[in-house]
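Notes to accompany the following structure.
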Amino acid sequence: EVQLQASGGGSVQVGGSLTLSCAASGFAVGDYAIGWFRQAPGKEHEGAALLRGGDGATHYADSVKGRFTISSDNSKNTVYLQMNSLKPEDTAVYYCAAIRGSPYLPALYYNRMDYRGKGTQVTVSS
């Protein structure tokens, strides 16, 4: 059974940092593209950061470039999202999701992903 378990969310002040983890089971993250998507209240899902397992390519939304870093530890079958210099507009529920193969990362969107996990709340307060 395929599962994606996101964790690490919480409340932090502006300028703070958080690291989210996405533990995968039932498939190897190295064979998939993994994305961190986020949904703020009243908004659509946004692809914040994506990682292609096959070659390590990454793609970031303009709103998080330079602040967020996506990485993976294939030995733990886990993908991470390091978030620095957090802003109030980063407040959202963060979801990890996976799609087979080596897709073109900028074209990915939440509902296109093969597997989607439950989210973890990130709240940034000033």
Side-chain angles (χ1 to χ4, degrees):
E1 180 185 4
V2 170
Q3 286 190 337
L4 292 164
Q5 182 64 53
S7 61
S11 296
V12 64
Q13 291 190 326
V14 169
S17 298
L18 281 174
T19 301
L20 305 183
S21 299
C22 175
S25 59
F27 70 96
V29 298
D31 296 333
Y32 280 64
I34 308 294
W36 283 101
F37 296 82
R38 63 186 185 179
Q39 187 177 31
K43 295 189 176 181
E44 298 291 324
H45 287 91
E46 175 191 25
L50 301 112
L51 170 70
R52 193 161 57 210
D55 60 4
T58 58
H59 176 75
Y60 296 93
D62 288 343
S63 56
V64 308
K65 278 181 183 176
R67 300 187 299 119
F68 289 13
T69 303
I70 187 170
S71 63
S72 67
D73 184 337
N74 290 356
S75 68
K76 297 182 178 180
N77 219 34
T78 299
V79 175
Y80 304 96
L81 185 65
Q82 174 67 45
M83 304 185 295
N84 298 327
S85 302
L86 283 162
K87 304 175 180 180
E89 51 264 42
D90 294 319
T91 295
V93 179
Y94 284 71
Y95 302 86
C96 61
I99 186 169
R100 298 177 189 86
S102 299
Y104 178 58
L105 296 178
L108 294 179
Y109 52 92
Y110 185 70
N111 287 334
R112 184 181 167 187
M113 306 303 276
D114 292 327
Y115 306 112
R116 296 175 286 275
K118 293 182 180 179
T120 185
Q121 176 71 46
V122 172
T123 302
V124 184
S125 57
S126 56

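Within the 4.5 Å cutoff, the side chain of I70 has heavy atoms near those of the Y60 side chain. Counting heavy atoms from C-beta outward, F37 and L50 have side chains that approach closer than 4.5 Å. Taking the side chain as every heavy atom from C-beta outward, V29 and T78 never approach each other to under 4.5 Å. In this structure, the side chains of M83 and V122 come closer than 4.5 Å at one or more pairs of heavy atoms. A 4.5 Å side-chain heavy-atom check between H59 and L108 finds every atom pair outside the cut-off. Side-chain contact between P88 and V14 is present, with heavy atoms from C-beta onward closer than 4.5 Å. Side-chain contact between Y95 and L4: absent, with no pair of heavy atoms (C-beta onward) separated by less than 4.5 Å. A 4.5 Å side-chain heavy-atom check between E46 and S63 finds at least one atom pair inside the cut-off.
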task = Evaluate the criterion salt bridge (charged side-chain N to carboxylate O under 4.0 Å, His left out) for residue pair K65 and D62; output intermediate values, then yes/no.
result = CA-CA 5 Å; K65 278 181 183 176; D62 288 343; 3.1 Å; yes
inquiry  = Would R38 and V64 count as a side-chain contact (heavy atoms from CB on, under 4.5 Å) here? Give the steps.
reply    = CA-CA 11 Å; R38 63 186 185 179; V64 308; 3.7 Å; yes
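Not a single donor-acceptor pair under 3.5 Å links the side chain of T123 to the backbone N or O of T91. Panel note: side chain Y32, backbone A97; no donor-acceptor pair is recorded below 3.5 Å. Using a distance-only test at 3.5 Å, with no hydrogens or angles considered, no donor-acceptor pair links the side chain of R52 to the main chain of A57.
Atom OH in Y94 sits 15.0 Å away from atom OG in S7 (nearest 0.5 Å). A distance of 13.0 Å separates OG of S126 from CG of L86, quoted to the nearest 0.5 Å. Going from atom CD of Q82 over to atom OG1 of T19 covers 3.5 Å, rounded to the nearest 0.5 Å. Distance CZ/R116 to CD1/I99: 9.5 Å, rounded to 0.5 Å. Here CG of L81 is found 9.5 Å from CG of L18. Values are rounded to the nearest 0.5 Å. Here CG of L20 is found 8.0 Å from CZ of F68. Values are rounded to the nearest 0.5 Å.
Closest of all the heavy-atom pairs between A28 and N77 is CA-OD1, 3.5 Å. What you find for V79 and S72 is that their closest heavy atoms are CG2-CB, 4.0 Å. A pairwise comparison of heavy atoms in S17 and S85 identifies OG-N, 4.4 Å as the closest pair. Closest non-hydrogen pair, F27 versus A98, comes out as CZ-CB, 3.7 Å. In plain terms, the two heavy atoms of A40 and A92 that are nearest each other are N-CB, 3.8 Å.
Within the structure, disulfide bond (SG atoms under 2.5 Å apart) contacts touching residues 12-126 (residues at least two apart or in different chains) are C22-C96. Listed by first and then second residue, the side-chain hydrogen bond (donor to acceptor under 3.5 Å, both in side chains) pairs involving residues 106-115 are R100-D114, R100-Y115 (not counting sequence neighbours).
No more than 12 heavy-atom neighbours from other residues, nucleotides or ligands sit within 6.0 angstrom of CD on Q5. No more than 12 heavy atoms of other residues, nucleotides or ligands sit less than 6.0 Å from atom CD of E44.
W36 and L105 fall into different hydrophobic clusters, where Ile, Leu, Val, Met, Phe, Trp and Tyr side chains are chained together by heavy-atom contacts under 4.5 Å.
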